[in-house]
Amino acid sequence: MVAAIGLALVGVFACVHLAMVFLHVAPANTVTRSHGDAVRWWTFPEFEQNWRLFAPNPLQQNVAVEVRAEYLAADGQRRTTEWIDMTAQDAEEIRGNLFPSHVHQNQLRRGWDFYLGSHDADNRASGVRGRLAEQYLRRIAMQRLDGEGLDGPVQRVQLRSASRSIKAPEWSAEKTDTRPVHRVLPWWTITAADLPEGVVNGRTEALQ
């Protein structure tokens, strides 16, 4: 009886899960308009689906997000790091991992997409969402820089993207320019509000 009840519960869960995922990827309809919040609560973030692979024009670029920092070294001099590829760090954590973290898969990627969707081509923010996207990226950057072993607090950070077109297959006559194209963001000054939990940015005093 216990086994039967357990099997029934698993079956019910599977049916609910399939229904929720179907409603998430399906076009807007009466059910999603009435129960959209419940569908999103069930789906995000663990069960999010991305169907761009099957779109008429699938993604044909690799996009890396990089950061560099200006910091105050122990000798009192301001120094600037080389560009650090944060996307490559995520890829290294995911590669060969049977259960990769959702953070490594999506945090930086979604943060960058959030920034692009809330700024124009000249990096001007469109209201509150734009400023929130900037702070979100600064916090991600500071979390990553905390593990770089800098010998002083970070004063400013700068991010950029490096977009490289995927090389055409050998059998194709298409010529593809695979040189990186950069989108460089302005320098951002770091404040205590930009420090995620556990990151003190080389300071010894308590942060407010």
Side-chain angles (χ1 to χ4, degrees), residues 24-25 44-71 78-126 129-150 154-190 194 196:
H24 171 64
V25 300
F44 292 100
E46 288 84 2
F47 305 121
E48 179 187 5
Q49 302 294 313
N50 185 335
W51 298 106
R52 283 183 293 180
L53 176 64
F54 305 104
N57 185 23
L59 294 176
Q60 298 180 3
Q61 286 185 325
N62 287 321
V63 180
V65 181
E66 303 171 343
V67 64
R68 65 177 177 177
E70 182 183 273
Y71 67 99
R78 284 181 177 264
R79 292 193 170 87
T80 303
T81 67
E82 299 293 330
W83 287 105
I84 300 167
D85 191 337
M86 297 188 290
T87 300
Q89 293 175 346
D90 285 341
E92 186 63 26
E93 293 290 338
I94 295 170
R95 190 175 294 112
N97 188 343
L98 295 178
F99 303 101
S101 167
H102 184 76
V103 171
H104 293 135
Q105 294 181 80
N106 293 310
Q107 183 188 57
L108 178 61
R109 178 182 62 83
R110 298 284 297 270
W112 185 253
D113 288 345
F114 183 24
Y115 178 89
L116 295 181
S118 58
H119 289 73
D120 62 19
D122 295 320
N123 295 314
R124 289 190 295 260
S126 56
R129 282 177 56 83
R131 293 190 291 274
L132 181 62
E134 293 174 3
Q135 185 179 36
Y136 187 63
L137 283 179
R138 286 196 296 270
R139 291 173 70 86
I140 293 175
M142 291 304 297
Q143 192 172 44
R144 303 298 182 88
L145 290 168
D146 193 52
E148 292 297 321
L150 304 181
V154 174
Q155 306 292 305
R156 300 193 302 166
V157 297
Q158 186 179 36
L159 279 75
R160 73 176 183 183
S161 65
S163 302
R164 294 177 174 84
S165 296
I166 298 173
K167 184 179 179 180
E170 298 297 334
W171 47 262
S172 173
E174 180 182 357
K175 302 297 182 183
T176 307
D177 186 354
T178 58
R179 291 175 296 181
V181 176
H182 294 104
R183 174 169 177 167
V184 182
L185 276 53
W187 283 97
W188 288 328
T189 300
I190 296 301
D194 299 317

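For this chain, numbers begin at 1 and follow the sequence in order.
In this structure, Ala125 and Arg131 approach most closely via the heavy-atom pair CB-N, 4.1 Å.
For the pair Arg144 and Gln89, the minimum side-chain heavy-atom distance is below 4.5 Å. Contact annotation: the side chain of Asp194 approaches that of Gln135 to within less than 4.5 Å [non-hydrogen atoms, C-beta and beyond]. Using a 4.5 Å heavy-atom cutoff, the side chains of Tyr115 and Arg129 are not in contact. In this structure, Val154 and Asp146 have side chains that are not in contact, with every pair of non-hydrogen atoms separated by 4.5 Å or more. When side chains are defined from C-beta on, Phe44 counts as touching His24, because their heavy atoms get closer than 4.5 Å. Side-chain contact between Trp188 and Leu137 is present, with at least one heavy-atom pair separated by less than 4.5 Å. Residues Arg68 and Thr80 meet the side-chain proximity criterion, which asks for heavy atoms closer than 4.5 Å. When side chains are defined from C-beta on, Arg109 counts as touching Asn106, because their heavy atoms get closer than 4.5 Å.
Of the residues Gln158, Gln155, Arg79, Arg78, the one that meets the side chain to side chain donor-acceptor pair (under 3.5 Å) test with Glu70 is Arg78.
For Asn123 and His119, the side-chain atoms include no donor-acceptor pair closer than 3.5 Å.
Using modelled atom types, one side-chain atom of Thr81 and one backbone atom of Ala69 make a donor-acceptor pair closer than 3.5 Å. Judged purely by atom type and a 3.5 angstrom limit, Thr176 has no side-chain atom pairing as donor or acceptor with the backbone of Thr178. Judged purely by atom type and a 3.5 angstrom limit, Asp122 has no side-chain atom pairing as donor or acceptor with the backbone of Arg124.
With a 6.0 Å cutoff to the six-membered ring centre and a 45° limit on the axis angle, Arg160 counts as a cation-pi contact of Trp83.
Expressed to the nearest 0.5 Å, how far OG of Ser163 lies from CZ of Arg183 amounts to 9.5 Å.
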For this session: Determine, step by step, whether Gln107 and Gln143 satisfy the side-chain contact (heavy atoms from CB on, under 4.5 Å) criterion, reporting the C-alpha distance in whole Å, the side-chain angles of both residues, the deciding distance to 0.1 Å, and the verdict.
Result: CA-CA 12 Å; Gln107 183 188 57; Gln143 192 172 44; 4.0 Å; yes

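Between Asp177 and Lys167 there is no salt bridge, since no side-chain N of the basic residue sits under 4.0 Å from a carboxylate O of the acidic one.
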